[in-house]
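Here's the structure we're looking at; comments come further down.
Proteins get letters first, then strands, A, B, ... in listed order; numbering begins at 1 in each.
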2 protein chains.
Amino acid sequence: MTVKYQMVASVLEHDILQGKFQADEKLPTEEELMRKFQVSRNTIRRALNILADQGYVYQVQGSGLFLREFSRPGCITIRKMQGLTKELAGHDMSSQIIDLSLIKANDELAKKMRCAPGDSLYFIKRLRFVNGEPLVLEEAYYNKKAVPYLNAEIAQTSIYRYITDDLKLKVGFADKLIYCDKLSKEDGDHLKLIEGDPALIIENTVFLNTGVVFNVSLEKYHYSSAKLLALTF
Amino acid sequence: MTVKYQMVASVLEHDILQGKFQADEKLPTEEELMRKFQVSRNTIRRALNILADQGYVYQVQGSGLFLREFSRPGCITIRKMQGLTKELAGHDMSSQIIDLSLIKANDELAKKMRCAPGDSLYFIKRLRFVNGEPLVLEEAYYNKKAVPYLNAEIAQTSIYRYITDDLKLKVGFADKLIYCDKLSKEDGDHLKLIEGDPALIIENTVFLNTGVVFNVSLEKYHYSSAKLLALTF
DNA sequence: AAGTGGTCTAGACCACCGT
DNA sequence: CGGTGGTCTAGACCACTTC
């Protein structure tokens, strides 16, 4: 985070989230941003690309920089490489740990985690609530080689923050397999739904910047309370 | 497409799709690519960023450029700003037009399309099949100001290709609202499912590079045959 | 130590939008 | 026309991996 373009991007993101710019009003030009931050044009453009990728702004040649409608009431905006905790900042969020244990990878898990059978993995099953209502049931595995320690306290707040800020790991990229299916009786109980109700399901495989898998998870979202908003470029 | 970085990216994409590189084997270095394409390092890096965004490759500092597993059997890979037709190239695809008409926007539609009530819109309802099985039921609106002409022949093949290649429009960005819900009796009939079965639903709002909405659509995917793979950075 | 990608700069020229 | 973003270059230095 010490690099210039990330610094510029996070300052601008902060300003945007603070509502310092009006919707659809023109934002500062690249020229003005260069002067303000005392960096080269390329650095400004890199920062703006990040904000564009995250769905905050767009640029129009010959015209300027504009704010995008980057949120919708009642929807969870999913941005690149960012945990749910940050997305839902401002809401009343909590997590109930259903299981947390250290296990050995069997053949199937080893294949998913791209690790050797027998490797140690943390297994965490938790139910995440927003405003007291169950939003998502999550089963996650973390490779102990990448994440040497985890406990309930961390799992109850933000695992993502712990991994990036405390462990200083850099998340590289992720596969997200998105589909829907009918809930089992047991999963339905957790989400306060009944067997056969639909569920939005996301299977994540998350890689560090080195290309190593450190996390695999299965998320089952409550079908009527979860609407995910992806802002793509 | 005449610009250098897009040219480099599409040549490399073509090579990757042709299988010219082995999985997880190292690809050429930036140095080698600069020599091969006779362009500057920044241009190579821009091309590689595109391929990385599309999920094809990743780079590791100090190490090199690597191929990612960019597809999974039985899954539809969704990439930035690309129609289904290109994604499913190689499969047996067809579309059945259920409705195609020119209508006037009512207040609700005008709000969604960010246009004035009474503006002319093309409405298209079609069912898209893969290998003879229904995959997705789609209801789409196109602003006639942006897309002055549409017919069944175009709608039966690829609207996306028509818009970018023939009309020379540039797609800028899109909002995708993803959720699931129970199917109605009528929608279930189209997808060969029954009332109450789950459906993966995506509501798209697609903008031109000028920030103008040109398309809004509602896609209802068959829950057991559609698994969407998003490769995110 | 050598090789590789990551960051940053300064400057040039082009394409498009608005007046 | 002036203002704005879009493309491209050449070069420098840093950070990390690999041997």
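Nearer the 5' end of DNA chain D, as judged by each residue's closest nucleotide, is the contact made by A/E31, out of B/V39 and A/E31.
In this structure, B/Q59 places its CD atom 18 Å from P of D/dA15, rounding to the nearest Å. Atom CZ of A/R35 and atom P of D/dG3 are 12 Å apart (whole Å).
Ion pairing between A/R68 and B/D175 holds under the 4.0 Å rule for side-chain N and carboxylate O. The residues B/E30 and B/K36 are annotated as not salt-bridged, no charged nitrogen and carboxylate oxygen being separated by less than 4.0 angstrom. One finds a salt bridge joining A/D166 and A/R161 here, because a Lys/Arg side-chain nitrogen approaches an Asp/Glu carboxylate oxygen to under 4.0 Å.
Between the side chains of B/S120 and B/K104, at least one donor-acceptor pair of N or O atoms lies under 3.5 Å.
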Interface polar pairs with nucleotides 16-19 of chain D, N/O, under 3.5 angstrom:
from	atom 1	to	atom 2	distance (Å)
D/dT17	O4'	B/G62	O	3.4

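Residues meeting the salt bridge (charged side-chain N to carboxylate O under 4.0 Å, His left out) test with B/R114, sequence neighbours left out: A/E69.
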Stepwise salt bridge (Lys or Arg N to Asp or Glu O under 4.0 Å) test for B/D99 and B/R126: CA-CA 7 Å; B/D99 192 0; B/R126 59 180 179 170; over 6 Å; no
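Between chain A and DNA chain C, the heavy-atom contact criterion of under 4.0 Å yields a 5' to 3' nucleotide range of C/dT7 to C/dC17.
In this structure, A/F207 and A/F173 have parallel ring planes: the angle between them is below the 30° cut-off, well short of the 60° mark. Note on ring orientation: taking the six-membered ring where Trp is involved, the planes of A/Y58 and A/F66 are parallel (angle under 30°, cut-offs 30° and 60°).
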